[in-house]
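What you are looking at is a predicted structure, and each value in this text was computed from that prediction instead of being measured. All ligand and atom numbering here is 1-based and tracks the order in the structure.
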Amino acid sequence: MTQLWPAPVARGAVHATVPVPGSKSITNRALVLAALADGPSTLRAPLRSRDTELMAGALRSLGVEIQDGPDGSWQVTPGELRGPAEVDCGLAGTVMRFVPPVAALAVGRVTFDGDPQARQRPLGTVLDALRELGADISGDALPFDVHGTGKLTGGTVTIDASASSQFVSGLLLSAPRFEQGVTVRHDGKPVPSLPHIEMTVAMLRAAGIDVDDREPNTWRVAPGEIRALDVEIEPDLSNATPFLAAAAVTGGTVTVPGWPAQTTQAGDAIRDILSLMGAQVERSEAGLTVTGPAELAPVDIDLHDVGELTPTVAALAAFATGRSRLRGIAHLRGHETDRLAALQNELTKLGGAVEQTEDGLLVEPRPLTGGNWHSYADHRMATAGAILGLKVPGVVVEDIATTAKTIPDFPGMWATMLGESA
Ligand SMILES: O=C(O)C1=C[C@@H](OP(=O)(O)O)[C@@H](O)[C@H](O)C1
Ligand SMILES: C=C(OP(=O)(O)O)C(=O)O
C-alpha cells in the first residue's frame, strides 16, 4: 500500500540548521570515474541513497569493488570490466545514461532494466550514439542489452541532447577509455542543465583528463588515464532547497552547513531565486542562511539550466503575492515523471490555479486547502508537497518514501527541522 504521510504544518516561523547529505550528481560521477581510474579511489561523505546505491550496484556487477570505509566513505577499486551482468537503473537518469558507455567497455553481455516509469524516460539518443562509436547494443529503450568486447573505438558523434544533458555527460565520462576518446557535438534545441555538463568536464579535468569545451555545443575528451580520486563530496544543493524553502515560506531562518563558496552544482542557483522572491540569503563559514520575507514576491524566471529546482520553485510560487512564470523547462516532461503535468494536477487539486505553457508553468497563488498530494514516484514532487503542507493544513503526501531516491531520510530530517519526532 502506498504510504500516506500527513505533511506537518509549521507551528510558526521555522528556525533550524539542517545538514544535508552529499550530492547525487557528484557522487554518481565520482563512482563512474573511480570505476574507470588507474587505481583505488576514496569518496568521502558520498550520498548513500537509492540512486547512488544503484550506481554502486551497477558498477559492482561489472567487476568493480566498492567497499564501505570506516568513516562512511566509499573505497572504489577498479577491476576488469566484464559481463554477464544485470543492471537495475531504478528511476535514476544518471544510472541509465552514464552506465551504458561503461558497459560497452566490458567483455560480455550486460542487460539493463529499471522501474516502469524509467522505461518512458528518453534514452535512445545515448544508445544510438554508442552504436556510432562502435558498440553493439540491442534495444532502443529500457530494457536493452549491451554486448561488449572490452573496448570501444570512439570518435566523433553528433546528437540531439535537448531532452537531457545527461546524454552528453554519460558519453564524456567514459570517453577517456575509448581508443580515440570522443567528440560530442550537439545539434538541436538548446541543451538543458548545462551546469551539469560543466560539472562533468570539471571532474574529468580534475582527474587529469584533457577536455576541450571552447566551442559551444561541442565537447572533446582526449583518451587518457583517469587518475584515482580522493574527493570529499559536497552537500546536495538541490536537495537543500526544500529546507531553505521552509524558511522562505514561514518567515523563519534555515542554515545549511557546508555550502561551498564555489561549486559546479546547479542547485546553487537557489540563492538568486530566493533573493528574487524577497528572502535574505547569506553565505558564510557557517553555511548558507536563508531568512524568509513577510511576503514572497512572484518570479518570472528561466529554469532551463536548473530544471531540477522546479518543484521547489513552484511550491514557493504558490505562496507568492502574484502570478509567477517558470520558463525553459519543457524537458521536465521527460524527468522522473512529466513534472509540468504533475505540478499542475496536484496544485490544482489543492485549489491552486496553474497553467502549462509550451515550455513551463504559470502559477497563480490562490488560497489552498488540504488534500492528497500524489508523488508520481518523483522525489521532488514529494518534497514539494511537504513545502506546501507547512502552511496548508491537511496536505497528505502519498509515497513519501520515494524521497529516498536522493535523500535517505527525508521525513526524519523534516521532523527534526520542525522540532518534532518523525
Ligand atoms: O547529470 C546530472 O547529474 C543531472 C542532470 C540533469 O538532468 P537533465 O539534463 O535531464 O535535466 C538534472 O536535472 C538531473 O537531476 C541530474
Ligand atoms: C531529474 C532528476 O533526476 P535524474 O538524475 O534521475 O534525471 C532529479 O533529480 O531531479
Visitor: Checking the N or O distance criterion of under 3.5 Å, is ligand 1 in contact with Thr94?
Guide: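 No, Thr94 has no N/O under 3.5 Å of an N/O on ligand 1.
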Visitor: Are any of the side-chain nitrogens in Arg220 or Asp210 under 4.0 Å away from the carboxylate oxygens of its partner?
Guide: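 Salt bridge: no.
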Visitor: Angle class for the Phe243/Phe410 ring planes (parallel below 30°, perpendicular above 60°, tilted otherwise)?
Guide: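 Answer is tilted, since the angle falls between 30° and 60°.
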Visitor: Between His331 and ligand 2, which part of the residue brings a heavy atom under 4.0 Å of the ligand: side chain, backbone, both or neither?
Guide: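 Under 4.0 Å from ligand 2, His331 contributes no heavy atoms.
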Visitor: Around atom 14 (C) of ligand 1, find the nearest protein heavy atom and jot down its residue, atom name and distance.
Guide: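 I find the closest protein heavy atom is Glu308 OE1, 3.4 Å.
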Visitor: Go through the side-chain N and O atoms of Glu398 and His374 and say whether any donor and acceptor fall under 3.5 Å apart.
Guide: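 His374 and Glu398 do have a side-chain donor-acceptor pair below 3.5 Å.
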Visitor: Among all protein non-hydrogen atoms, which one is nearest to atom 3 (O) of ligand 1, and what is the separation to 0.1 Å?
Guide: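 It is Ser25 OG, 2.7 Å.
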Visitor: Under 4.0 Å from any heavy atom of Gln166, which atoms of ligand 2 are there?
Guide: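 So the answer, numbered in order with elements, is 4 (P), 5 (O), 7 (O).
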Visitor: May I ask you to identify the nearest protein heavy atom to atom 9 (O) of ligand 1, giving residue, atom name and distance to one decimal place in Å?
Guide: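 Here the nearest protein heavy atom works out to Ser165 OG, 2.6 Å.
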Visitor: Distance alone, cut at 3.5 Å: any donor-acceptor contact between the side chains of Glu355 and Thr357?
Guide: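 Glu355 vs Thr357: no donor-acceptor pair found between side chains.
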Visitor: Have a look at ligand 1 and work out which part of Met199, if any, has a heavy atom under 4.0 Å from it: side chain, backbone, both or neither.
Guide: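 It is neither part, as no heavy atom is under 4.0 Å.
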Visitor: Identify which of His304, His196, Arg121 has a heavy atom lying nearest to atom 6 (C) of ligand 1.
Guide: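 It is His196 whose heavy atom sits nearest to atom 6 (C) of ligand 1.
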Visitor: May I ask you to check if ligand 2 and Arg380 share an N or O to N or O distance below 3.5 Å?
Guide: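 Between Arg380 and ligand 2 (N or O atoms, distance only) the closest approach is under 3.5 Å.
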Visitor: Could you tell me whether Lys24 and ligand 1 have an N or O pair separated by under 3.5 Å?
Guide: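 Right, the criterion is met.
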Visitor: If the threshold is 4.0 Å, N to carboxylate O, is there a salt bridge linking Lys405 and Asp51?
Guide: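 Salt bridge present between Lys405 and Asp51.
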Visitor: Taking atom 7 (O) of ligand 2 as the point of reference, which of His196, Lys24, Arg121 owns the nearest heavy atom?
Guide: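 Going through His196, Lys24, Arg121 one by one, Arg121 has the nearest heavy atom to atom 7 (O) of ligand 2.
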Visitor: Could you walk me through whether Glu336 and Arg380 pass the salt bridge (charged side-chain N to carboxylate O under 4.0 Å, His left out) check?
Guide: CA-CA 9 Å; Glu336 278 79 342; Arg380 299 197 202 280; 5.6 Å; no
Visitor: Are a donor atom and an acceptor atom from the side chains of Asp145 and Thr111 found within less than 3.5 Å of each other?
Guide: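 Their side chains do contain a donor-acceptor pair, which is all the 3.5 Å distance test asks for.
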Visitor: Give me the residue, atom name and distance of the protein heavy atom closest to atom 7 (O) of ligand 1.
Guide: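 Ranking protein heavy atoms by distance from atom 7 (O) of ligand 1, first comes Gln166 NE2, 3.6 Å.
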Visitor: Has Leu332 got any heavy atom lying under 4.0 angstrom from an atom of ligand 2?
Guide: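 Checking ligand 2 against Leu332, which is what was asked, there is no heavy-atom contact under 4.0 Å.
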Visitor: Does any N or O atom in Gly93 lie less than 3.5 angstrom from one in ligand 2, N or O only?
Guide: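 Yes, Gly93 has an N/O under 3.5 Å of an N/O on ligand 2.
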Visitor: Just jot down the ligand 2 atoms closer than 4.0 angstrom to any heavy atom of Arg339, in number order.
Guide: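 Those atoms are 1 (C), 8 (C), 10 (O).
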Visitor: Mind running salt bridge (charged side-chain N to carboxylate O under 4.0 Å, His left out) on Asp236 and Lys24 for me, showing each step along the way?
Guide: CA-CA 7 Å; Asp236 193 306; Lys24 164 196 77 173; over 6 Å; no
Visitor: With salt bridge (charged side-chain N to carboxylate O under 4.0 Å, His left out) as the criterion, how do Asp115 and Arg50 come out once you've worked through the C-alpha distance, each side chain's angles and the decisive distance to 0.1 Å?
Guide: CA-CA 12 Å; Asp115 294 355; Arg50 184 171 188 230; 2.8 Å; yes
Visitor: Looking at Ala92, which atoms of ligand 2 are within less than 4.0 Å of one of its heavy atoms?
Guide: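 Near Ala92, the atoms of ligand 2 are 6 (O).
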Visitor: Any luck finding a side-chain donor-acceptor pair between Thr406 and His379 under 3.5 Å?
Guide: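 Yes, His379 and Thr406 have a side-chain donor paired with an acceptor closer than 3.5 Å.
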Visitor: For ligand 1, which atoms have a heavy atom of His331 less than 4.0 angstrom away?
Guide: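 Once the distances to His331 are compared, the set is 11 (O).
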Visitor: Tell me if the CD atom of Gln356 is crowded by more than 12 foreign heavy atoms within 6.0 Å.
Guide: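 Enclosed: over 12 neighbouring heavy atoms sit under 6.0 Å from CD of Gln356.
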Visitor: Measure the distance from atom 10 (O) of ligand 1 to every protein heavy atom, then report the residue, atom name and distance (to 0.1 Å) of the closest one.
Guide: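 Of the protein heavy atoms, Ser164 OG, 2.7 Å lies nearest.
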Visitor: Can a salt bridge be assigned to the pair Arg283 and Asp268 using a cut-off of 4.0 Å between side-chain N and carboxylate O?
Guide: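 Looking at Arg283 and Asp268, the cut-off is not met.
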Visitor: Checking Arg185 against Thr156 for the side-chain hydrogen bond (donor to acceptor under 3.5 Å, both in side chains) test, could you report, in this order, the C-alpha distance in whole Å, the side-chain angles of both residues, the deciding distance, and whether it holds?
Guide: CA-CA 8 Å; Arg185 293 186 199 285; Thr156 300; 5.5 Å; no
Visitor: Just jot down the ligand 2 atoms closer than 4.0 angstrom to any heavy atom of His335, in number order.
Guide: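 So the atoms of ligand 2 that pass are 1 (C).
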Visitor: Strictly by modelled atom types, are Asp212 and Trp219 linked by a side-chain donor-acceptor pair under 3.5 Å?
Guide: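 Checked: Asp212/Trp219 side chains show no N/O donor-acceptor pair below 3.5 Å.
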Visitor: Using a strict cut-off of 4.0 Å, indicate which atoms of ligand 2 neighbour a heavy atom of Leu91.
Guide: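 Every atom of ligand 2 under 4.0 Å from some heavy atom of Leu91: 6 (O).
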Visitor: Please indicate whether any nitrogen or oxygen in Ser193 is less than 3.5 Å from any nitrogen or oxygen in ligand 1.
Guide: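 Such a contact does occur with ligand 1.
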Visitor: For atom 1 (O) of ligand 1, what's the nearest protein heavy-atom neighbour? Residue, atom name and distance, please.
Guide: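 Of every protein heavy atom, Arg29 NH2, 2.7 Å lies nearest to atom 1 (O) of ligand 1.
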Visitor: Any atoms of ligand 2 less than 4.0 Å from a non-hydrogen atom of Lys405? List them with their elements.
Guide: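 Within the 4.0 Å cut-off of Lys405, ligand 2 contributes 3 (O), 4 (P), 6 (O).
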Visitor: Inspect the contact between Asp300 and Arg323 and indicate whether a charged nitrogen and a carboxylate oxygen are less than 4.0 angstrom apart.
Guide: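 So Arg323 does not pair with Asp300 through a salt bridge.
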Visitor: Can a side-chain donor-acceptor contact be found between Ser375 and Asp399 if the only test is distance below 3.5 angstrom?
Guide: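 No pair is found: no donor N or O on one side chain lies under 3.5 Å from an acceptor on the other.
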Visitor: Purely on distance, is any nitrogen or oxygen of His379 under 3.5 Å from one on ligand 2?
Guide: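 Min N/O separation from ligand 2 is below 3.5 Å for His379.
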Visitor: If you measure every N/O of Arg380 against every N/O of ligand 1, is any gap under 3.5 Å?
Guide: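 It does not: no N or O of Arg380 is found under 3.5 Å from an N or O of ligand 1.
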Visitor: Which protein heavy atom lies closest to atom 1 (C) of ligand 2, and at what distance to 0.1 Å?
Guide: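 Sorting protein heavy atoms by distance from atom 1 (C) of ligand 2 puts Glu336 OE1, 3.2 Å first.
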Visitor: Where does Phe98 meet ligand 1, judged by heavy-atom distances below 4.0 Å: at the side chain, the backbone, both, or neither?
Guide: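 It is the side chain that gets close, since no backbone atom is under 4.0 Å.
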Visitor: Can you tell me which portion of Thr406 lies within the under-4.0 Å heavy-atom range of ligand 2? Options are side chain, backbone, both, or neither.
Guide: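 The answer is neither; Thr406 stays 4.0 Å or more away.
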